[in-house]
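Following: one structure in structure tokens, then a few remarks.
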Amino acid sequence: MRIFSGIQPTGRKHLGNFIGAIVQYVEGQQRAADAGDVAIFCVVDLHAMTVPWQPAEMRERVYDTAAILLAAGLDPEKCIFIRQSDVPEHTELTWTLGAVTAHGDLNRMHQFKEKSAKQKELVSADLFTYPVLMAADVLAYRANEVPVGDDQRQHVELMRDVAIRFNERFGDTLVVPELKIPAVGARIMDLQDPTSKMSTTGGSTEGTVYVLDDAKTVEKKFKRAVTDSDDPPRIAKDQSKPGVSNLIDILAAARGITPDEAIASLADARGYGDLKMATANAVNEMLEPVRTRYAEIRQDEDALEEIFAAGATKARAITREVMADVRAATGVGPRTRVPAS
Ligand code: TYM
């Protein structure tokens with residue numbers, strides 16, 4: 001059972017990334033190791049080139065993200081931890097998979113529609129083919145499982161279709177991966193606008209809780225979270241109560257309990273203030289150790305580069321073989337074996 005997931009490089013990783021993805025990564029690295037396989041986690045710097053970026057900041061943001069993941073509990077001895085651009089098979093496979101990806105399917109991607117609408121100067125070809133690179137990330141390892149938040153569902157479905165189409169056309173070469181979405185917290189919402197997902201680009205700063213926010217800031221953001229005007233206040237999950245439902249999910253995910261258990265723990269609450277404080281405290285308890293370890297790990301960029309170099313060596317032992325099979329199946333490149341006469 002092999003796991004692969006990727007995350008964009010930014011120091012502003014938020015609670016949605018943490019609960020929707022990073023918590024699953026840490027659980028997955030152990031589960032893969034217990035099953036005698038491996039989990040691969042990737043800081044996707046090439047995906048960050050699909051929208052305008054500052055060259056001077058790119059490497060810094062990669063270090064920031066790597067330090068957050070390591071502080072959260074990824075262990076480069078237990079998993080394979082890589083920077084995407086260090087493993088060239090990802091980009092080579094992207095080109096090959098482009099041959100079995102329908103232009104119309106890429107045109108239907110919600111994320112492409114959203115992001116392209118925001119570009120003022122140029123909608124790049126890379127933004128359009130973003131999901132093909134994402135498919136290559138996973139398929140280059142023959143990974144079985146892709147832990148992500150709900151917003152990546154469509155991209156994972158596309159990579160499954162691409163793998164199936166490749167295998168139909170060229171013979172059974174790639175593994176069709178499964179989507180893995182957390183039971184609670186697959187879609188953490190903005191605290192100020194609980195009908196929109198928490199996000200690095202779209203939402204408000206006040207409504208977005210960053211992993212690296214200090215404890216006071218986290219508390220302030222939760223205290224100001226939008227709830228509803230039900231009188232008396234009702235701590236329950238309900239479509240008509242997006243703000244309260246979001247707080248319940250965050251509380252449950254941060255404590256590692258179910259939403260029903262989170263609701264039961266607030267049976268004596270006097271109002272939404274108690275729900276907000278309980279959630280802020282649970283989030284701070286979850287993030288405090290991460291923030292402390294982050295500060296240490298982030299200082300040593302040489303050590304981070306060494307971790308990436310070791311990760312790339314382990315990764316390429318897998319991706320070179322997969323790429324050799326892909327080249328053989330597609331008839332691209334030199335003969336790999338002298339045919340028996
Ligand atoms: P990225 O960097 O935008 O987000 C990283 C992970 O965080 C999840 N996430 C959320 N989960 C719950 N609630 C939210 N509000 C929320 N916001 C973000 C995302 O679903 C994601 O799992 N394209 C990917 C990166 C990627 C990748 C891959 C993922 C590149 N290659 C291969 C899996 C496999 C992305 O931009 O994630």
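Both ligands and their constituent atoms are indexed starting at 1 by order of listing. This chain uses plain numbering: 1 for the first residue, then up along the sequence.
- Shown here is Glu321, whose CD atom has no more than 12 heavy atoms of other residues, nucleotides or ligands within 6.0 Å.
- Considering backbone and side-chain atoms together, Gln111 places no N or O closer than 3.5 Å to any N or O of ligand 1.
- Contacts of Met189 with ligand 1, taken as heavy-atom pairs under 4.0 Å, are absent altogether.
- Below 3.5 Å of separation, one finds no N or O of Met159 facing any N or O of ligand 1.
- At a 3.5 angstrom cut-off on N or O pairs, Gly6 does not count as close to ligand 1.
- Among the candidates Glu145, Met159, Arg142, the single residue satisfying the side-chain contact (heavy atoms from CB on, under 4.5 Å) test with Pro177 is Met159.
- Taking a 4.0 Å cut-off on heavy atoms, Lys13 registers as neighbouring ligand 1.
- The aromatic rings of Phe4 and His90 lie tilted to each other, with the angle between the two planes from 30° to 60°.
- For Phe81 and Phe308, the ring centers sit closer than 6.0 Å to each other.
- No more than 12 heavy atoms of other residues, nucleotides or ligands sit less than 6.0 Å from atom CZ of Arg59.
- Considering Ile188, Asp190, Asp249, Thr200 only, the shortest heavy-atom separation from atom 13 (N) of ligand 1 involves Ile188.
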Passes side-chain contact (heavy atoms from CB on, under 4.5 Å), Phe222 versus Ile250? Steps please.
CA-CA 11 Å; Phe222 276 106; Ile250 295 173; 4.1 Å; yes

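- For Pro182, the heavy-atom gap to ligand 1 stays at 4.0 angstrom or more.
- Heavy-atom separations between Ser5 and ligand 1 include at least one value shorter than 4.0 Å.
- For ligand 1, one of its N or O atoms has an N or O atom of Asp137 under 3.5 Å away.
- Between the side chain of Gln119 and the backbone N or O of Lys115, at least one donor-acceptor pair lies under 3.5 Å.
- Checked against a 3.5 angstrom limit, the closest N/O atoms of Gln8 and ligand 1 fall inside it.
- Between His155 and ligand 1, not a single N/O pair is under 3.5 Å apart.
- Close approach to Gly20 involves these atoms of ligand 1, each under 4.0 Å from a residue heavy atom: 11 (N), 12 (C).
- Ligand 1 has no N or O atom lying under 3.5 Å from any N or O atom of Lys197, backbone or side chain.
- Under the 4.0 Å criterion applied to side-chain N and carboxylate O atoms, Arg291 and Glu288 are assigned as salt-bridge partners.
- Under 3.5 Å, the side chains of Ser124 and Asp126 contain no donor-acceptor pair of N or O atoms.
- The aromatic rings of His47 and Tyr130 sit tilted, their planes meeting at an angle between 30° and 60°.
- The shortest heavy-atom distance from His14 to ligand 1 is under 4.0 Å.
- Nearest residue to atom 20 (O) of ligand 1 from Asp151, Ile250, Val148 is Asp151 (criterion: closest heavy atom).
- Residue Ala186 touches ligand 1 through its backbone alone, judged by heavy-atom distances below 4.0 Å.
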